[in-house]
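Everything below concerns the one structure shown next.
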Amino acid sequence: MDTFDQQHVWHAYAKTPNPVENHKVLSADGVYLNLENNQRVIDGMSSWWSAIHGYNHPVLNAAITTQLGKMSHVMFGGLTHDPAITLAKTLVELTPDNLTKVFFTDSGSVAVEAALKMALQYWHNKGQTDKQKFIAVRGGYHGDTFGAMSVCDPDHGMHHLFSGVLPKHFFVKSPSMVAMDEALDDLKAILKRHANTIAAMILEPVVQGAGGMRIYNPQYLTKAKALCKTHNVLFILDEIATGFGRTGELFALEYVDVEPDILCLGKALTGGYMTLAATLTTNEISSVVGVLMHGPTFMANPLACSVANASIDLLLNSPWQDNIADIEAILNRELSPLRAEDNVADVRILGAIGVVELTQEIDVEKVQKLLIDQGVWLRPYGKLLYTMPPFTISKQELLSVTNAIKAVIKEGC
Ligand SMILES: *Cc1c(COP(=O)(O)O)cnc(C)c1O
């Protein structure tokens with residue numbers, strides 16, 4: 001443990017001084033993090049969904065190094081560059097046909113802010129100035145900036161701390177927590193009463209990630225989109241966690257081929273190398289919006305765009321569907337039986353995502369020690385012990401992860 005770090009540096013959702021140990025990483029390669037004291041652990045978290053190809057990948061390293069020799073950054077006002085143009089072309093090609101315009105940002109939260117702004121500016125310019133609210137789904141997570149926070153789960157997110165400042169939006173029942181018809185009825189009721197004040201609905205397709213790691217029936221997306229369309233409410237999908245293969249489809253929206261009006265991408269976009277996100281929308285929305293009032297300093301950073309281009313090529317030229325199907329099969333075989341354990345409330349698996357929900361809050365420090373002793377890095381939170389490994393993980397390595405999870409459950413943590 002580094003004392004300066006412990007005393008002076010704020011980590012994610014943590015205190016300073018930090019009562020819980022942060023482990024120092026000296027380097028990383030393949031699916032491994034090399035910690036100090038010669039501990040080598042398999043990263044079962046892909047650094048929060050992003051490192052889908054693992055670490056220190058020669059192809060991704062080369063993409064950044066080559067770009068570094070040309071330029072690391074230029075402003076994206078009045079200037080442009082090939083890495084961004086190529087990436088925009090690829091994203092337009094890979095996402096649904098109606099999405100043709102790309103706005104680059106430097107993080108997922110900011111991509112969500114840009115999406116919300118697009119929706120607000122759209123209705124403003126259409127003369128529908130009352131449409132300033134959003135509908136979000138309970139149990140959702142969309143980021144930590146103020147606009148994004150305002151559409152995160154209102155009870156378990158950060159809402160309650162900032163409730164005096166955050167704008168009030170509408171929250172509907174989640175199809176991951178109630179029957180799909182009940183969730184749709186709830187949405188219908190809100191739309192019927194309030195659609196004239198609502199700009200857009202925002203939700204994570206198929207998997208609600210950081211808000212609780214819950215999975216729902218993709219048919220909900222088709223029906224929710226149709227309801228929004230009928231009531232003149234835009235439909236925003238946040239694929240920041242689910243995009244680039246994680247659920248077994250390239251984008252989770254492909255489970256039902258739903259076409260969102262606005263789409264947010266991030267996290268695995270650069271293979272976990274750099275911070276970059278994108279918000280896509282349609283010809284119609286972009287032409288009504290006109291000038292979008294947003295322009296981050298590090299917008300479309302060339303290093304980030306270059307490594308994103310390389311990461312997407314690497315993914316599409318790999319047998320990613322087979323790899324993820326293999327991961328899903330192992331997660332199913334190894335983790336599903338844990339449902340029978342007394343301290344396990346639920347097991348949820350989709351694609352390269354495996355979630356074990358316990359009946360009690362997890363003692364993070366204790367569990368993390370146990371996991372590291374078994375050569376595995378996971379970051380449990382609340383009652384959730386879960387993995388979303390790099391797609392390049394071997395069967396043997398994945399078994400190390402699932403065995404470590406089983407050991408924690410057996411230990412009764
Ligand atoms: C992580 C995440 C965000 C926020 O992205 P940051 O890059 O952390 O700002 C937004 N939406 C979803 C669904 C996410 O998983």
Side-chain angles (χ1 to χ4, degrees), residues 10-14 45-52 95 103-119 134 136-154 156-159 169 171 174-176 200-216 218 221 235-247 249 251-253 260 262-280 294 296-301 304-305 307-308 311 350-353 355 379 381-382 384 386-388:
W10 245 311
H11 284 257
Y13 309 106
M45 300 296 289
S46 300
S47 280
W48 278 332
W49 312 84
S50 61
I52 54 176
T95 56
F103 189 85
F104 288 114
T105 48
D106 39 12
S107 78
S109 301
V110 181
V112 169
E113 300 288 334
L116 301 179
K117 273 192 191 176
M118 278 177 198
F134 294 96
V137 179
R138 288 186 183 276
Y141 176 79
H142 299 286
D144 292 350
T145 53
F146 272 82
M149 260 198 300
S150 75
V151 288
C152 289
D153 185 89
H156 302 101
M158 291 145 285
H159 261 266
H169 298 305
F171 290 93
S174 170
S176 71
M201 175 177 191
I202 180 165
L203 67 167
E204 297 153 277
V206 190
V207 180
Q208 294 187 292
M213 301 296 293
R214 294 189 191 86
I215 299 163
Y216 66 86
L221 294 168
F235 194 69
I236 305 173
L237 287 183
D238 177 351
E239 287 251 13
I240 291 169
T242 49
F244 302 100
R246 183 56 64 183
T247 67
E249 296 285 346
F251 298 106
L253 58 81
I262 302 173
L263 175 68
C264 302
L265 302 174
K267 287 201 164 95
L269 174 59
T270 63
Y273 264 59
M274 304 271 306
T275 175
L276 182 73
T279 308
L280 282 85
H294 213 103
T297 308
F298 290 100
M299 185 173 182
N301 175 263
C305 290
V307 74
S311 173
L350 181 71
I353 307 168
V355 184
R379 179 81 178 150
Y381 81 94
L384 301 173
Y386 61 104
T387 180
M388 52 271 192

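Read the numbers this way: they start at 1 and go in the same order the structure lists the ligands and their atoms.
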Original post:
Would a distance-only check, ignoring hydrogens and angles, find a side-chain to backbone donor-acceptor pair under 3.5 Å from Thr270 to Val307?
Top reply: no
**OP:** Would you name the heavy atoms of Val151 and His142 that are closest together and state the gap between them?
**Re:** O-CD2, 3.4 Å
Subject >> Tyr381 side chain to Ala210 backbone, donor-acceptor under 3.5 Å >> reply: yes
Original post:
Near ligand 1, which protein residues have a heavy atom under 4.0 Å away?
Top reply: Ser107, Gly108, Ser109, Tyr141, His142, Gly143, Glu204, Asp238, Ile240, Ala241, Lys267
Original post:
If you draw a 6.0 Å radius around NE2 in His11, do more than 12 non-hydrogen atoms from other residues or ligands fall strictly inside?
Top reply: yes
Subject >> Expected output: side-chain Arg138 to main-chain Pro154 donor-acceptor under 3.5 Å >> reply: no
Original post:
Just one of Val137, Asp153, Leu203 clears the side-chain contact (heavy atoms from CB on, under 4.5 Å) bar with Ser174, so which one?
Top reply: Val137
